[in-house]
Amino acid sequence: MKVSVSTSKVNGEVFAPPSKSYTHRAITIAALSDDCVIHRPLMSADTLASIRAAEALGANIEKYEDRIHVRGVNGKPHVPNNVIDVANSGTTLRFMTAVSSLTNGVTVLTGDSSIRNRPNQPLLDVLNRLGVEAYSTRGNGCAPIVVRGGLKGAITTIDGSISSQFISALLIACPLTTQSTTLSIKGEMKSRPYVDVTMELIEQAGAEILVEEGNTIKFIIPANQKYNLKEYTVPGDFSSASYLLAAAAVTGSTVIVKNLFPSKQGDIEIIDVLERMGAKISWDKESGVAEITGNGLKATVFDAGATPDLVPTIAVLAACAQGTTVIENAEHVRYKETDRLHAMALELTKMGISVREEPDQLIITGGTLRGAELHGWHDHRIIMALTIAGMVAGDTVIDTAEAVDISFPNFFETMKELGAAVELI
Ligand SMILES: O=C(O)C1=C[C@@H](OP(=O)(O)O)[C@@H](O)[C@H](O)C1
Ligand SMILES: C=C(OP(=O)(O)O)C(=O)O
């Protein structure tokens with residue numbers, strides 16, 4: 001499916017959708033608990049993959065209008081009666097690979113072509129050191145992955161530079177083992193805020209993990225714990241909200257975004273970035289309301305280490321800003337649904353913007369965006385960011401637009417309600 005985007009502004013009020021990352025964690029930990037109601041979950045292609053995987057591992061999940069009721073497995077997942085297909089969800093793949101380690105049999109996990117090209121070897125190596133037999137069928141660290149349960153526990157280390165999801169996955173599974181685990185992080189722990197989100201849910205479920213901060217970050221995980229998540233309400237998603245806020249910033253218009261309350265999400269940083277680039281933005285943390293008016297943008301330097309998902313949004317802001325923006329510390333952004341540094345460099349270049357791509361950087365000089373036929377790379381964040389660029393450039397068509405279902409199924413409807421000239425074709 002394609003989306004056609006014409007020059008347009010936005011105006012009005014909108015609710016941010018529920019957080020995808022919090023929803024994945026709530027589903028996974030509820031499935032390992034006894035009985036839990038999750039209010040206002042994000043129901044998108046990725047979180048439905050986590051629901052299916054949790055059911056395959058023995059949870060019983062009933063979906064209602066604005067909540068899901070999860071009857072969990074009390075820390076003892078079942079051996080699935082079929083292969084677990086995570087579709088396009090990296091979070092589901094990593095989390096359920098670790099959860100599968102708690103079964104007393106063999107689980108096979110696969111996904112779509114994007115998933116079957118994303119790295120998992122650091123997670124597989126640690127699981128093998130913790131008593132599990134875990135391997136990639138093609139021996140390249142990518143799915144399909146085979147996991148023979150037997151998770152015990154040990155003192156071990158993991159590289160933090162590729163994905164925080166490996167760490168979150170181990171933090172979720174290891175409290176339920178028979179032997180304690182100490183997990184030390186080698187190098188920079190990229191995407192650290194997502195691990196903080198994981199810790200928040202683990203603690204809400206009544207388990208405890210000690211974190212030793214220092215040159216080497218250490219997670220000390222006592223064994224023989226239980227999860228007892230009974231009820232949870234998912235907060236709004238700042239990554240999804242970034243497109244709504246950026247639309248106002250680049251078109252010189254005004255938008256109010258609700259359901260944006262403080263949380264451990266790293267992508268809250270979009271508020272500060274927009275302010276430092278020159279937008280007029282306020283965020284009332286009590287009411288959860290952010291209001292933004294675009295007022296011309298100026299270049300900035302953005303360290304993507306903690307907030308990889310903001311990179312497509314920031315790249316479009318940079319394309320519309322005066323001066324040259326440097327997006328740095330971003331190598332891990334190459335390991336998402338697609339190589340997002342390369343994808344944004346190619347697509348913004350098609351729109352007449354000067355972009356220099358380095359191994360862990362994008363250097364973008366703002367200019368006059370021109371309409372173009374763009375590739376969405378089957379990547380929801382690429383498509384949503386380029387839609388915002390198209391509202392400035394006009395005469396833009398983006399393919400693979402259906403991929404917004406991954407995290408923001410009603411994105412185009414929401415944008416249309418705000419006045420954006422977007423048409424699915
Ligand atoms: O744990 C999570 O919910 C996520 C972690 C991040 O991935 P990495 O930790 O691989 O950077 C992020 O890109 C992804 O959208 C969601
Ligand atoms: C990379 C993302 O998610 P996942 O890793 O779960 O595929 C994302 O939402 O941008």
Side-chain angles (χ1 to χ4, degrees), residues 17-29 42 44-50 53 86-98 111-123 142-143 158-172 185 188-202 234-235 237-240 242-243 263-267 269 304-314 329-341 343-344 360 376-385 403-409 411:
S19 161
K20 174 162 75 73
S21 293
Y22 272 97
T23 301
H24 277 306
R25 284 151 178 81
I27 291 165
T28 306
I29 292 173
L42 175 71
S44 72
D46 267 14
T47 57
L48 288 171
S50 278
V86 306
N88 186 255
S89 177
T91 305
T92 305
L93 176 69
R94 282 79 180 253
F95 287 13
M96 299 305 178
T97 292
D112 66 9
S113 57
S114 164
I115 278 290
R116 285 181 277 112
N117 282 291
R118 292 175 71 178
N120 304 287
Q121 198 57 49
L123 174 60
C142 302
I158 190 165
D159 175 356
S161 66
I162 295 175
S163 174
S164 72
Q165 293 174 9
F166 306 148
I167 297 160
S168 286
L170 292 163
L171 295 181
I172 289 169
I185 311 303
E188 180 186 356
M189 181 158 65
K190 292 286 183 59
S191 306
R192 166 72 189 258
Y194 291 98
V195 173
D196 297 336
V197 172
T198 304
M199 290 290 291
E200 181 186 343
L201 266 288
I202 287 171
V234 176
D237 191 313
F238 275 85
S239 313
S240 298
S242 75
Y243 310 106
S263 71
K264 302 279 189 190
Q265 294 174 71
D267 289 4
E269 190 180 347
T307 54
D309 291 359
L310 288 180
V311 165
T313 309
I314 307 280
N329 196 16
E331 185 179 359
H332 59 317
V333 181
R334 293 184 184 278
Y335 310 131
K336 309 295 179 189
E337 283 83 340
T338 189
D339 174 343
R340 289 176 173 162
L341 297 190
M344 288 309 292
D360 70 342
W377 297 79
H378 304 276
D379 184 327
H380 54 127
R381 299 199 188 283
I382 302 292
I383 292 154
M384 292 189 278
V404 301
D405 287 352
I406 291 295
S407 63
F408 200 157
F411 172 72

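Read the numbers this way: they start at 1 and go in the same order the structure lists the ligands and their atoms. When reading the values below, keep in mind they use all heavy atoms of this one structure, side chains included, and skip hydrogens, waters and symmetry mates.
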Do [X] and [Y] get their side chains close enough for a donor-acceptor pair, meaning under 3.5 Å?
{"X": "Asp159", "Y": "Ser161", "answer": "yes"}
{"X": "Gln265", "Y": "Asp196", "answer": "no"}
{"X": "Gln165", "Y": "Thr91", "answer": "yes"}
{"X": "Tyr194", "Y": "Asp309", "answer": "yes"}

Within ligand 2, which atoms have a heavy atom of [X] less than 4.0 Å away?
{"X": "His380", "answer": "8 (C), 9 (O), 10 (O)"}
{"X": "Asp309", "answer": "8 (C), 9 (O), 10 (O)"}
{"X": "Gln165", "answer": "4 (P), 5 (O), 6 (O)"}
{"X": "Lys20", "answer": "2 (C), 3 (O), 6 (O), 8 (C), 9 (O)"}
{"X": "Gly90", "answer": "4 (P), 5 (O), 6 (O), 7 (O)"}

Pairwise side-chain contact, [X] with [Y], heavy-atom cut-off 4.5 Å (strictly under):
{"X": "Ile29", "Y": "Ile202", "answer": "yes"}
{"X": "Ser50", "Y": "Phe95", "answer": "no"}
{"X": "Pro193", "Y": "Glu269", "answer": "no"}
{"X": "Ile383", "Y": "Asp379", "answer": "no"}
{"X": "Val333", "Y": "Met344", "answer": "no"}
{"X": "Phe238", "Y": "Thr307", "answer": "no"}
{"X": "Met384", "Y": "Val404", "answer": "yes"}

If you measure from each non-hydrogen atom of [X] to ligand 2, which part falls under 4.0 Å: side chain, backbone, both or neither?
{"X": "Arg94", "result": "neither"}
{"X": "Asn88", "result": "backbone"}
{"X": "His24", "result": "neither"}

Please check: side-chain N/O of [X] versus main-chain N/O of [Y], any donor-acceptor pairing under 3.5 Å?
{"X": "Asn117", "Y": "Ser113", "result": "yes"}
{"X": "Ser242", "Y": "Ser239", "result": "yes"}
{"X": "Thr338", "Y": "Arg340", "result": "no"}

Any nitrogen or oxygen of [X], side chain or backbone, less than 3.5 Å from one on ligand 1?
{"X": "Arg25", "result": "yes"}
{"X": "Asp309", "result": "yes"}
{"X": "Tyr194", "result": "no"}
{"X": "Arg381", "result": "no"}
{"X": "Gln165", "result": "yes"}

When you measure from [atom] to every protein heavy atom, which one gives the shortest distance, and what is it?
{"atom": "atom 1 (C) of ligand 2", "result": "Glu337 OE1, 3.0 Å"}
{"atom": "atom 7 (O) of ligand 2", "result": "Arg118 NH1, 2.8 Å"}
{"atom": "atom 10 (O) of ligand 1", "result": "Ser163 OG, 2.6 Å"}
{"atom": "atom 6 (O) of ligand 2", "result": "Thr91 OG1, 2.6 Å"}

Are any of the N or O atoms of [X] closer than 3.5 Å to those of ligand 2?
{"X": "Arg381", "result": "yes"}
{"X": "Lys336", "result": "no"}
{"X": "Arg340", "result": "yes"}

request  = Determine, using heavy atoms of Pro308 and all atoms of ligand 1, whether some pair is separated by less than 4.0 Å.
outcome  =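 Pro308: in contact with ligand 1 (<4.0 Å).
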request  = Could you see which bit of Lys336 sits under 4.0 Å from ligand 1, with heavy atoms only: side chain, backbone, both or neither?
outcome  =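 Side chain only.
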query = Quick one: does ligand 1 sit under 4.0 Å from the side chain of Ser164, the backbone, both or neither, non-hydrogen atoms only?
reply =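 Both of them.
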